[in-house]
Amino acid sequence: MTSFFAMGGYGAFIWPAYGVSLLGLAAMVWQSWAAWRAAQKRLAALEEDKQ
Amino acid sequence: MSPAFASLLVRDLKLAARSGGSAALALAFFALMATLVPLGVGADLRLLARVAAGVLWVGAVLAALLSLDRLYQGDFDDGSLDLIALSPLSLEQVALAKFLAHWLSTGLPLTLLSPLLALFFGLPGRGTAMLMLSLLIGTPAVSAVGAIGASLTLSLKRGGLILPLLILPLLVPVVIFGAGAVSAALDGLANGALGLLGAFSLAAVLLSPFVTAACVRLNLAG
Amino acid sequence: MSPAFASLLVRDLKLAARSGGSAALALAFFALMATLVPLGVGADLRLLARVAAGVLWVGAVLAALLSLDRLYQGDFDDGSLDLIALSPLSLEQVALAKFLAHWLSTGLPLTLLSPLLALFFGLPGRGTAMLMLSLLIGTPAVSAVGAIGASLTLSLKRGGLILPLLILPLLVPVVIFGAGAVSAALDGLANGALGLLGAFSLAAVLLSPFVTAACVRLNLAG
Amino acid sequence: MFRYANPAQFMRLSGALLPWVSLFAVVALVSGTILGFRVPPDYQQGMTVTIMFVHVPAAIVAESAYALIAVASIFSLVWRHPLADTAARAAAPLGAVFTALGLITGSLWGRPMWGAYWVWDARLTSFLLLLFLYLGYIALWNAIEDETRAARAAAILALVGAVNLPIIKFSVDWWNTLHQGESILSGQIAPVFLWPLLTMALGYMLTFAALWMVRIRTEIVARRARSLMQRGEAA
Amino acid sequence: MIVSLTAEKLALTRGDRQLFADLDFTVTAGEALVVEGANGVGKTSLLRLIAGFLPPTMGFVRIATDQRAVSDGEERGRFVGWLGHQDGIKPQLNLREQLEFFARLYGAEAALEPLLERVGLWRQRLLPCRYLSAGQKKRLGLARLIVAARPLWLLDEPFAALDKNGRALAVELMQAHCIAGGIVVAASHDPFGFHARSLRLGAA
Amino acid sequence: MIVSLTAEKLALTRGDRQLFADLDFTVTAGEALVVEGANGVGKTSLLRLIAGFLPPTMGFVRIATDQRAVSDGEERGRFVGWLGHQDGIKPQLNLREQLEFFARLYGAEAALEPLLERVGLWRQRLLPCRYLSAGQKKRLGLARLIVAARPLWLLDEPFAALDKNGRALAVELMQAHCIAGGIVVAASHDPFGFHARSLRLGAA
Ligand code: HEM
Ligand SMILES: Nc1ncnc2c1ncn2[C@@H]1O[C@H](COP(=O)(O)OP(=O)(O)OP(=O)(O)O)[C@@H](O)[C@H]1O
Ligand SMILES: Nc1ncnc2c1ncn2[C@@H]1O[C@H](COP(=O)(O)OP(=O)(O)OP(=O)(O)O)[C@@H](O)[C@H]1O
Ligand SMILES: [Mg+2]
Ligand SMILES: [Mg+2]
């Protein structure tokens with residue numbers, strides 16, 4: 001198991017690389033989704049106002 | 001910090017951000033200019049490490065220069081400066097707020113980014129630390145001297161080349177001490193550059209609001 | 001050259017001159033560079049000669065940047081651009097005149113001044129000649145691409161760092177070929193840099209008026 | 001073609017596609033990662049080769065996104081299609097993040113391979129310049145308030161950038177040979193590495209597609225809200 | 001010579017706001033049209049639209065001359081004499097330089113000194129424009145209109161900043177222009193000194 | 001509270017031109033003074049002089065309050081509400097941000113929304129000021145005057161660019177200001193809508 005994490009001595013580079021990639025993807029997903037929800041909510045509120 | 005002072009500071013930062021002078025852009029500009037140099041000079045990291053301090057320091061001065069005419073000329077042109085001058089703030093306080101806003105949106109971000117750029121130039125660790133320290137100490141002087149220049153030329157229309165002409169000579173000591181401190185650190189020498197830089201910077205920051213206020217006064221009468 | 005075209009060109013040159021001579025700026029700017037780089041690199045003239053071309057080329061590009069917002073923003077702010085747009089000149093001709101004015105007031109003086117700076121860097125004779133030639137060929141591209149950037153951002157208020165961010169990446173080939181030509185000349189090699197630089201420059205100068213005119217058009221509609 | 005480019009049509013179509021695209025994206029990413037960690041160490045690069053599976057897909061997506069923006073910009077300028085503006089605008093931040101990811105993972109790969117986090121290699125340099133092109137494009141969009149104007153200006157910039165990008169790449173390559181770059185990226189890929197790489201690449205592309213759709217949808221909804229608000233006030 | 005200016009089914013939307021729609025009017029040579037309406041109703045925008053700066057959201061504007069009809073915005077601009085809200089004056093140039101530049105740019109052959117005399121700026125002719133007062137700048141704008149010698153005058157608040165004398169001068173110039181077969185379209189909140197048709201925006 | 005504004009033997013020379021000399025006047029609380037005169041006669045200059053921007057060539061300006069008399073230019077400025085020819089508006093900020101900044105800068109506590117309503121800009125409150133029409137900008141200037149709540153109003157062509165409604169509003173505000181014990185000094189070419197003393201420059 002430790003040898004898996006050590007990655008032949010290159011763990012210090014491989015894990016950050018995957019970590020950063022995951023973080024980047026997750027951040028994009030989160031931001032896009034949050035913006036989508038916010039926009040939807042705003043529209044719904046406005047439509048309700050009109051009625 | 002009085003609310004009036006804070007409001008001016010915040011407004012200037014906001015305006016900077018909206019007209020593309022935000023800290024983020026200062027960073028991008030700085031990084032870009034750091035990229036250009038290897039393209040001209042060549043990719044040899046050893047050589048690059050030697051010029052890094054000079055180049056990054058010139059970049060800091062340039063980023064400041066390019067955004068300086070935002071400082072007073074815009075407010076002068078559209079009459080905002082009249083209204084600001086009539087506010088409860090003294091012109092010295094106004095000058096201080098504007099100097100601060102300028103430093104926060106150019107000097108500070110550059111300082112924070114410099115380690116990354118040092119990486120691009122292959123600068124070793126102690127050089128990097130010194131670069132950052134010298135920028136932290138020296139960039140306020142750039143903004144302070146720049147503010148004087150901006151207020152002197154504030155009635156001139158945009159694109160004036162007079163401003164750089166006025167302040168570049170004044171900034172030469174800053175750049176020389178700043179870059180010199182880094183060179184010395186690279187060579188493992190201790191030298192007084194940092195102290196001199198600090199003294200210059202302190203003097204510039206302390207004097208600038210008064211000189212700037214005087215220039216503004218002069219120009220409002222124009 | 002029609003009288004209308006000439007009048008616009010002359011006016012722009014006059015305005016440039018009245019807000020500070022550009023040759024002087026070029027000198028000041030280069031003087032700064034010329035003090036700084038030796039400081040980092042050390043007084044080794046051979047090493048200096050190696051970095052000279054790159055540094056001077058980067059300097060040329062940056063110096064052009066400083067005066068770019070004079071090109072369109074001023075005329076846009078005060079309504080002159082409306083009047084110019086209604087004149088018998090097409091916007092493409094206007095763009096050409098303004099590009100020319102910018103080059104004449106920055107690129108050309110810089111080129112003429114370069115031998116002096118080459119001296120500071122200990123650039124040998126053939127390097128100097130090539131530096132001058134490459135500046136002569138390349139600086140029009142700087143003004144041309146710069147004009148595109150200036151027209152894109154003409155509705156933004158002054159002091160933005162966005163303009164350099166837009167155009168510096170586009171100018172990378174100019175810096176590379178320009179500095180490359182000098183390096184090659186120093187090594188006594190012939191390389192295609194000058195030809196490539198010429199081609200880029202020609203394309204930029206030919207295309208720029210059309211792109212610029214399109215940008216102006218869209219901004220007048222604002 | 002334009003039939004699908006009207007906002008209502010797009011909402012319907014993308015609404016139907018989105019769950020599937022997202023699902024496949026997740027599946028591809030997960031299986032690609034698992035496959036990636038099961039490859040044998042490369043004889044030259046050791047286990048660092050696993051970085052390739054996040055590095056190369058990010059780089060590919062980053063470059064394609066710029067091409068997409070350029071194409072959308074043509075549509076925007078020539079046919080004045082508002083959806084094209086939205087699409088271009090929505091792609092830019094994604095492209096920038098993918099570019100950043102490519103740069104970061106690349107430099108993490110570079111440290112063990114070349115002994116430095118950064119070298120001025122031709123490909124790295126032009127990739128860095130791509131990041132700047134993205135940043136400039138985004139900054140221009142944000143700086144101009146008026147939307148139609150910003151859209152047109154950004155489209156012009158994107159096209160100028162797209163025309164210039166090959167020249168930039170060429171010049172940087174030329175520069176690099178002039179100065180003898182210190183490394184060349186490996187050329188041939190062994191088949192063992194190919195499958196995880198392809199799977200991951202697919203995963204990255206689908207992720208990009210899904211996020212792109214979400215962002216376009218967001219903009220359409222936001223626009224609807226804005227015009228509603230305006231009308232409400234007029235009343 | 002220009003014969004008429006026609007707008008048909010003109011509509012303009014800025015941002016999310018519709019300023020006007022279904023606007024129709026024709027002005028023929030020798031006529032003056034005053035555009036009226038509350039602040040922000042779209043007068044300036046209408047003038048910019050006619051000048052060809054702004055594309056209309058719908059409809060079109062056409063200028064008819066004895067030879068042909070022109071609808072293209074940029075071509076239309078070649079008929080326009082413009083006096084806008086912004087002064088278009090460079091502070092660094094002196095008054096005569098400013099006017100000379102403009103005359104050359106428009107290919108005009110007017111004698112400038114008598115003109116400066118007429119608009120009451122002869123004394124200031126060598127003063128950098130930076131020092132002109134608001135009304136003096138407006139007078140320079142009037143001089144520019146005459147120099148350009150264009151058939152269609154588009155004037156945005158022509159009377160603002162002018163003193164009594166200046167207003168009389170402006171009226172005189174407009175009348176002369178109309179008599180000479182030109183067209184004047186002006187946006188103004190002030191009473192117009194001579195007979196002009198009026199177009200009220202935002203009345204609906 | 002301010003009691004009076006006095007000018008004594010005031011003279012001003014700009015460049016090589018003497019604009020006025022030996023000017024004496026006093027305005028007491030509750031009064032309005034209209035400065036009149038031809039273009040370029042020096043009205044704007046006089047206002048800038050009173051505000052303390054320009055030092056007089058001779059003579060002085062004094063503001064008397066119940067406690068003391070103030071002659072220093074910069075101190076005088078603290079009493080001044082300014083509506084100049086230039087709008088002092090940043091295109092990048094929206095209307096509310098613009099007014100909020102101003103209120104904080106002047107340490108004022110006005111409720112902004114009702115004020116925006118009053119000057120007819122409520123609908124535009126979130127619009128970047130870049131898009132405001134000329135009259136809308138002037139109305140923002142009026143709002144700013146109220147926010148600043150200064151006793152001495154210096155107004156340069158307060159009616160320019162305003163529509164009929166806007167002019168009525170400006171008159172109403174000025175009258176209210178005078179009734180509340182303030183002073184108004186305005187330069188204007190337009191007939192003034194209410195009783196005000198007049199000062200003619202350049203009559204000599
Ligand atoms: C900051 C550092 C790096 C950057 C910015 C970078 C950038 C790129 C780019 C732009 C691509 C092109 C993707 C495409 O084909 O469209 C790429 C591909 C690739 N990179 Fe990197 N790279 C970096 C470091 C590295 C390192 C250190 C290695 C390995 C030693 C590496 C190996 C590869 C491989 C194997 C490919 C794909 C094969 C190919 O297309 O030829 N990269 N990289
Ligand atoms: N440096 C200078 N040299 C000579 N004359 C000057 C100088 N500066 C200003 N002037 C003159 O001083 C006058 C300033 O006028 P000011 O702006 O005060 O006029 P005003 O009465 O407000 O006019 P308007 O009604 O047009 O607004 C102008 O006639 C101008 O030409
Ligand atoms: N992008 C935008 N979004 C919303 N509204 C806008 C936008 N651009 C302009 N407007 C509005 O359009 C109108 C433009 O008015 P315009 O300048 O044509 O008015 P005007 O009739 O000339 O007014 P004034 O009498 O004040 O000069 C203003 O009400 C402004 O608020
Ligand atoms: Mg208007
Ligand atoms: Mg005046």
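No hydrogens, no waters, no symmetry mates; every other heavy atom, side chains included, goes into these values. Letters go in sequence order (proteins before strands), and every chain restarts at 1.
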- prompt: CG/D/L129 to OG1/B/T35 distance, rounded to the nearest 0.5 angstrom?
  reply: 6.5 Å

- request: Report the residues that fulfil side chain to side chain contact (heavy atoms under 4.5 Å, CB included) with D/V160, sequence neighbours left out, ordered by chain and then residue number.
  value: C/L170, C/V211, D/I156

- prompt: Is the shortest heavy-atom distance from the side chain of B/L48 to the side chain of D/W120 under 4.5 Å?
  reply: yes

- prompt: How long is the span from the CZ atom in B/F29 to the CG atom in D/L135, to the nearest 0.5 Å?
  reply: 14.5 Å

message: So, using side chain to side chain contact (heavy atoms under 4.5 Å, CB included) as the criterion, who are the partners of D/N142 when residues are at least two apart?
response: D/R89, D/I138

- line: Expected contact set for residues 124-145 of chain B against chain D at heavy-atom separation under 4.5 Å reads none

- request: Go through the structure and list residues passing side chain to side chain contact (heavy atoms under 4.5 Å, CB included) with B/L220, not counting sequence neighbours.
  value: B/L81, B/D82, B/A85, B/V216, F/R48, F/F53

message: When you measure from the side chain of D/W118 to the backbone of B/L116, do you find a donor-acceptor pair of N or O atoms at a distance under 3.5 Å?
response: no

